[in-house]
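Being a predicted model, the structure only gives us computed values, none of them experimental.
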Amino acid sequence: MRIRIVDAFTDRPFAGNPAGVLLLDAFLDAFLDDDRLQRVALEVNHAETAFAHRLPAGGGADWALRWFTPVTEVAMCGHATLATAHVLHTTGAHEGPVRFATRSGVLSATPHEDGSLTLDFPTAPLTRVEAPAGVAEALGAEPQAVCDTGENIGDLLVEVADEETVRGLTPDHKALAAHSARGVVVTARADDPARGYDYVSRCFFPNVGIDEDPVTGSAHTALAPYWSQRLGRATLTGLQASPRSGRVRTELRGARTLLNGHAVTVIEGELLA
């Protein structure tokens, strides 16, 4: 089976968020057993590895898709979905919009002439909550506002004072693990929107084996409604200020959020085991 490493939410290699992608279609019409999938994901050792196989024509989706971190399967992943759609289109395995059957329902990806792809994901339901005791100490910053993002995302969304605070965080990852199912998304308004982004974020997911995720599409299904309400615009650009960095263009459409970005294949090889 061919295995690829794709950098997502970037138009240049060695930036954005790398994901492993395996298309099982040429060999299988079903997934490998869960233990095998998890072992491959651990070997790839990126934030996510995506596995996809083609579904019969005429159904509600074109491909079945699952995502694994090095330690567990997750219910939703934006960057590995973008990476999978990129592989499908650049290899000719699929043309036009593609629908994925996933644990989070049917998710679609639409290619554009500029090489970007737009993902259609469910908008995360945000619930304002009190800052949990200890979260400020774990982050090393005082929360300005805190939201629960619902079961599909499983994060705590925390707004802090400013962009400089977000960029300077050095959190206690072990302590953060106590505060949400997946992790903590920290965000602030951009200091200077003239730089081409409206807000910044960083994502810490110790509960799924990822201390800091480089660029997180799924988190933007919560960031988009949060900042759209604050800034009064449906279309925004978020900068994830990780060391690799990446930008996600979002458009809020009620119960759905569109996530737009590029992807670049950087490694292609053969899975021998």
* **side chain to side chain contact (heavy atoms under 4.5 Å, CB included) assessment of Ser108 paired with Phe100** => CA-CA 6 Å; Ser108 68; Phe100 296 108; over 6 Å; no

Under 3.5 Å: donor-acceptor pair, side chain of [X], backbone of [Y]:
X      : Y      : answer
Arg244 : Gly16  : yes
Asp120 : Leu258 : no
Thr84  : Ala80  : yes
Ser242 : Pro214 : yes
Thr149 : Ala124 : no

Regarding [X] and [Y], is there a side-chain donor-to-acceptor distance under 3.5 Å anywhere?
X      : Y      : result
Thr216 : Gln240 : yes
Trp67  : Thr81  : yes
Asp7   : Asn17  : no
Asp198 : Thr237 : no
Thr265 : His86  : yes
Thr118 : Asn260 : yes
Thr257 : Thr123 : yes

* To do: Dump the intermediate steps for side chain to side chain contact (heavy atoms under 4.5 Å, CB included) on Thr49 and Leu22, then the final yes or no.
  => CA-CA 8 Å; Thr49 298; Leu22 282 89; 3.9 Å; yes

[X] versus [Y], closest heavy-atom pair with distance:
X      : Y      : value
Pro70  : Asn45  : CG-OD1, 3.6 Å
Leu126 : Pro225 : CD1-CG, 4.1 Å
Pro111 : Leu117 : CA-CD2, 3.7 Å

* Parallel, tilted or perpendicular: rings of Trp227 and Tyr199 (30°, 60°) ->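 Parallel.
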
* Asked: Parallel, tilted or perpendicular: which describes the rings of Phe204 and His173, with under 30° parallel and over 60° perpendicular?
  ->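 Judged by the thresholds at 30° and 60°, the geometry between Phe204 and His173 is tilted.
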
* Do Arg253 and Glu251 meet the salt-bridge criterion of a basic N to acidic O distance under 4.0 Å? ->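 Judged by the 4.0 Å cut-off on N to carboxylate O distance, Glu251 and Arg253 do form a salt bridge.
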
* Which value, rounded to the nearest 0.5 Å, describes the distance between Leu259 atom CG and Ser218 atom OG? ->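 With rounding to 0.5 Å, CG (Leu259) is 9.0 Å from OG (Ser218).
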
* Out of curiosity, Asp148 CG to Arg128 CZ, how far, rounded to the nearest 0.5 Å? ->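 So the gap between those two atoms works out to 13.0 Å.
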
* To do: Dump the intermediate steps for ring pair (Phe, Tyr, Trp, His ring centres under 6.0 Å) on Phe9 and His262, then the final yes or no.
  => CA-CA 5 Å; Phe9 292 114; His262 287 79; over 10 Å; no

* Asked: Checking side chain to side chain contact (heavy atoms under 4.5 Å, CB included) for the pair Glu95/His89: CA distance, chi angles, key distance, verdict?
  -> CA-CA 6 Å; Glu95 295 183 359; His89 289 102; 5.5 Å; no

Evaluate whether atom [atom1] of [X] has more than 12 neighbouring non-hydrogen atoms of other residues, nucleotides or ligands under 6.0 angstrom away.
X      : atom1 : result
Glu268 : CD    : yes
Arg39  : CZ    : no
Glu164 : CD    : no

* Passes side chain to side chain contact (heavy atoms under 4.5 Å, CB included), Leu107 versus Arg256? Steps please. -> CA-CA 10 Å; Leu107 310 176; Arg256 308 296 294 184; 4.2 Å; yes

* Give a yes/no verdict on a cation-pi contact between Arg182 and Phe205, requiring under 6.0 Å between NZ or CZ and the six-membered ring centre and an angle within 45° of the axis. =>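 Satisfied, under 6.0 Å and within 45°.
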
* Asked: Would Arg247 count as a cation-pi partner of Tyr197, with NZ or CZ less than 6.0 Å from the six-membered ring centre and within 45° of the ring normal?
  ->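 Arg247 over Tyr197 ring: no.
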
